[in-house]
Engineer: 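One structure, pasted below without further comment.
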Amino acid sequence: MSVRSQKDEADRIMFKFINLLVRFLLELVMIFALGYWGFHIGHGVVVKIIAGIGFPLVSAVIWGRFIAPKAPIKLPEIGVIALESILFLSAFIGLYTTGLKAFAIVFILIAIANLSVITKYRLSSEKTSYKRKCKK
């Protein structure tokens, strides 16, 4: 392996690591945003508490069951992308409607960029694994 290809491989690994780190931070912000939104909607303390705890809890369960890398229920790639998009869009709406408009816009732009990169990586790795299976 040449020095150039080793550097390219190291750069690829670092790029993947950074994107996964950004993805994790987006997930945390999403959970926070949904909880924040829940505590700021509705009338009455009970509704606010139920929504403030329920929104992030439901999103975490959906993420863990269907989206996480070791999710027990494997969806087709389009299903995973759709669920991720719905959850991130919900967090955006929550932030935007509670008055955190600039934060909401920055969040959704980073989420879209990250989702695009990770989806491209997933699809390219699926294509590579498919080629390996065909060679056997």
Engineer: If two hydrophobic side chains count as joined below 4.5 Å and joins carry through other members, does Ile105 share a cluster with Phe107?
Structural biologist: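 Same cluster.
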
Engineer: Are Ile112 and Leu25 in one and the same hydrophobic cluster, where Ile, Leu, Val, Met, Phe, Trp and Tyr link if side-chain heavy atoms are under 4.5 Å apart?
Structural biologist: no

Engineer: What salt bridge (charged side-chain N to carboxylate O under 4.0 Å, His left out) pairs are there with at least one residue in residues 57-76, not counting sequence neighbours?
Structural biologist: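 Of all non-adjacent pairs touching residues 57-76, none passes salt bridge (charged side-chain N to carboxylate O under 4.0 Å, His left out).
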
Engineer: Could you state the interatomic distance from CD1 (Ile81) to CG (Leu75), rounded to the nearest 0.5 Å?
Structural biologist: 11.0 Å

Engineer: Starting from Phe55, can I reach Phe32 by hopping between I/L/V/M/F/W/Y residues whose side chains sit under 4.5 Å apart?
Structural biologist: yes

Engineer: According to a hydrophobic-cluster definition based on side-chain heavy atoms being under 4.5 Å apart (Ile, Leu, Val, Met, Phe, Trp, Tyr only), do Val80 and Trp63 belong together?
Structural biologist: yes

Engineer: Pairs in or reaching into residues 78-107: which pass salt bridge (charged side-chain N to carboxylate O under 4.0 Å, His left out), with residues at least two apart or in two chains?
Structural biologist: Arg23-Glu84, Glu84-Arg122

Engineer: Can you check whether Val117's main-chain N or O pairs, donor with acceptor, with Asn19's side chain at less than 3.5 Å?
Structural biologist: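 Not confirmed, Asn19 side chain does not pair with Val117 backbone.
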
Engineer: Which heavy atom of Leu26 sits nearest to which heavy atom of Ala111, and what is that distance?
Structural biologist: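 It is CD1-CA, 3.7 Å.
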
Engineer: For residues 86-94, dump all side-chain donor-acceptor pairs below 3.5 Å to protein atoms at least two apart in sequence or in another chain.
Structural biologist:
unit_1, atom_1, unit_2, atom_2, d
Ser90, OG, Ile86, O, 2.8

Engineer: Work out which heavy atom in Pro72 is nearest to a heavy atom in Gly64; give both atom names and the distance.
Structural biologist: CD-O, 3.5 Å

Engineer: Please find the pair of heavy atoms, one from Ser59 and one from Ile31, that lie closest to each other, and give the distance.
Structural biologist: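 Minimum heavy-atom separation between Ser59 and Ile31: OG-CG1, 4.1 Å.
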
Engineer: With no hydrogens and no angle check, is any side-chain donor or acceptor of Thr119 less than 3.5 Å from a backbone partner on Ser116?
Structural biologist: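 Side chain of Thr119 to backbone of Ser116: no pair is present.
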
Engineer: Transitively linked via ILVMFWY side-chain contacts under 4.5 Å: Met30 with Leu100?
Structural biologist: yes

Engineer: Side-chain polar contacts of residues 39-52 - donor-acceptor pairs under 3.5 angstrom, sequence neighbours left out - could you list them?
Structural biologist:
unit_1, atom_1, unit_2, atom_2, d
His40, ND1, Tyr36, O, 2.7

Engineer: Would you say Phe24 and Leu28 make side-chain contact, with heavy atoms under 4.5 Å?
Structural biologist: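 Phe24 reaches Leu28 side chain to side chain.
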
Engineer: If the condition is side-chain contact (heavy atoms from CB on, under 4.5 Å), which residues does Val58 pass it with, not counting sequence neighbours?
Structural biologist: Ile62

Engineer: Supply the atom-to-atom distance Leu20 CG to Asn114 CG, rounded to the nearest 0.5 angstrom.
Structural biologist: 8.0 Å

Engineer: For Thr97, give me all partners under side chain to side chain donor-acceptor pair (under 3.5 Å), at least two apart in sequence or on another chain.
Structural biologist: Trp37

Engineer: Suppose we screen for side chain to side chain donor-acceptor pair (under 3.5 Å). Which residues come up paired with Lys16, at least two apart in sequence or across chains?
Structural biologist: Tyr121

Engineer: Phe17: which residues meet the side-chain contact (heavy atoms from CB on, under 4.5 Å) condition with it, sequence neighbours left out?
Structural biologist: Met14

